[in-house]
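Small disclaimer: the values here were computed from a predicted structure and weren't measured. FYI, the numbering just counts along the sequence from 1.
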Amino acid sequence: MNMMIRPVIPDFSIFSADNWLMLTNCLILFALTALAAFCVSSFAANKWNGNKGKTALGFIGITLIFTAILICFFGCTAITVRGIIFCLILLLSSYSDIRTRECSDWLHVMIVIAAFIGCEFINLPNMFLSAMFIGGIMLMTLLITNCNIGGADVKFAVACSFLLGLERSVIALLVGMLLAVLLNAFKTKEQKRGGFPLIPYLTAGYLAVYLI
């Protein structure tokens, strides 16, 4: 029996117009993200007297990596754009906390504004509930215990919780606090006496949970 030999037809579907459009959109988003990260890093370095080169490298590197992960999870959508803006604000807040041990209120307001990007109004009650619940927990912890939590940390957590919602906010807060405890557990008594900036650890938790 003669076997029929079928010709191999190359698959050119990957070169379709839709795929090229998606690739173009991703490249544009990466370029805009890098530019935004550079501008934010320059602002941060000038405002808080940091090294411009190292600050730019850190901001651009972290933001582009997070952008790539966002695109893999959500594509070029409003969720991705909100995540990029959220990441930049959190990096700016962390930088401020590291340099000055303070975080200005306008950064918290920017997080709240970013929460409305791609937001459905049906989610607003949960967002407000999340902010109140997390704020209450942080305030109780601040009043009852003698821990390294300041008013800026409380407001930062409230603003981020408004953006993420209740369930993800609780997880992010636990992750951030756990990281802070673990990474500072081996410090000497003199180092612990000076305290440590909490917002960078919370930032790691909030960025990780944003992908859920």
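- The two residues Ala204 and Leu179 have their closest heavy-atom pair at CB-CD1, 3.8 Å.
- A chain of hydrophobic side-chain contacts below 4.5 Å, direct or via other Ile, Leu, Val, Met, Phe, Trp or Tyr residues, connects Leu139 to Leu129.
- Side-chain contact between Ser130 and Leu164 is absent, with no heavy atoms from C-beta onward closer than 4.5 Å.
- Residue Leu91 holds its CG atom at 12.0 Å from CD1 of Ile199, rounded to the nearest 0.5 Å.
- The same ILVMFWY cluster, assembled from side-chain heavy atoms under 4.5 Å apart, contains both Leu163 and Leu211.
- A donor-acceptor distance shorter than 3.5 angstrom exists from the side chain of Thr100 to the backbone of Glu102, with no hydrogens or angles considered.
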Inset, instruction - Starting from the C-alpha separation in whole Å, work towards a yes-or-no answer on side chain to side chain contact (heavy atoms under 4.5 Å, CB included) for Met177 and Leu173. - result: CA-CA 6 Å; Met177 290 295 189; Leu173 188 61; 4.2 Å; yes
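- Using bins of under 30°, 30° to 60° and over 60° for the plane-to-plane angle, the ring pair Tyr206/Phe86 lands in the perpendicular bin.
- No continuous path of ILVMFWY side-chain contacts below 4.5 Å connects Ile98 to Phe156, so the two sit in separate hydrophobic clusters.
- The shortest side-chain heavy-atom distance between Ser42 and Lys52 does not fall under the 4.5 Å cut-off.
- Annotation for Cys26 and Ile71: closest pair SG-CG2, 3.9 Å, computed over non-hydrogen atoms.
- Counting heavy atoms from C-beta on, the side chains of Trp48 and Leu92 come closer than 4.5 Å.
- Within 6.0 Å of the CZ atom in Phe38, the count of heavy atoms belonging to other residues, nucleotides or ligands does not exceed 12.
- Judged purely by atom type and a 3.5 angstrom limit, Ser161 uses its side chain to pair as donor or acceptor with the backbone of Ala157.
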Inset, instruction - Under the side chain to side chain contact (heavy atoms under 4.5 Å, CB included) rule, what do Leu107 and Ile111 come out as? Steps first, then yes or no, please. - result: CA-CA 6 Å; Leu107 289 167; Ile111 295 173; 5.7 Å; no
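- Counting heavy atoms from C-beta on, the side chains of Lys155 and Asp105 come closer than 4.5 Å.
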Inset, instruction - List the steps, then state whether side chain to side chain contact (heavy atoms under 4.5 Å, CB included) holds for Asn49 with Arg99. - result: CA-CA 8 Å; Asn49 300 319; Arg99 300 291 298 181; 4.2 Å; yes
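- More than 12 heavy atoms of other residues, nucleotides or ligands lie within 6.0 Å of CZ in Phe30, so this atom counts as buried by the packing criterion.
- Ser41 and Thr55 make their closest contact through O-CG2, 3.6 Å (heavy atoms, listed as atom of the first residue, atom of the second, distance).
- Put simply, the side chain of Leu32 does not reach to within 4.5 Å of the side chain of Ile84, judged on heavy atoms.
- At least one side-chain heavy atom of Ile79 sits under 4.5 Å from a side-chain heavy atom of Arg82.
- Contact detail for Leu124 and Cys119: the closest heavy-atom pair is CD2-SG, 4.2 Å.
- Other residues, nucleotides and ligands contribute only 12 or fewer heavy atoms inside 6.0 Å of the CD1 atom of Ile122.
- A distance of 9.0 Å separates CG in Leu178 from CG in Leu183, rounded to the nearest 0.5 Å.
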Inset, instruction - For Ile65 and Ile69, run side chain to side chain contact (heavy atoms under 4.5 Å, CB included): C-alpha distance rounded to whole Å, both residues' side-chain angles, the deciding distance at 0.1 Å, then the answer. - result: CA-CA 6 Å; Ile65 291 172; Ile69 298 173; 4.2 Å; yes
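- Phe66 is not listed as a side-chain neighbour of Thr33, based on a closest heavy-atom distance of 4.5 Å or more.
- When the side chains of ILVMFWY residues are joined at heavy-atom separations under 4.5 Å, either directly or via intervening members, Leu174 and Ile134 end up in a single hydrophobic cluster.
- Leu198 and Val209 end up in the same hydrophobic cluster when Ile, Leu, Val, Met, Phe, Trp and Tyr side chains are linked at under 4.5 Å.
- Between Thr67 atom OG1 and Ile60 atom CD1 the span is 11.5 Å, to the nearest 0.5 Å.
- With values rounded to the nearest 0.5 angstrom, Leu166 atom CG is found 10.0 Å from Ile171 atom CD1.
- The SG atom of Cys160 lies 9.0 Å from the CD1 atom of Ile89; values are rounded to the nearest 0.5 Å.
- The two residues Val175 and Gly205 have their closest heavy-atom pair at CG1-CA, 3.9 Å.
- Atom OG of Ser169 and atom CG of Leu202 lie 11.5 Å apart (nearest 0.5 Å).
- Contact detail for Phe74 and Thr80: the closest heavy-atom pair is CB-OG1, 3.5 Å.
- Contact annotation: the side chain of Leu70 approaches that of Tyr210 to within less than 4.5 Å [non-hydrogen atoms, C-beta and beyond].
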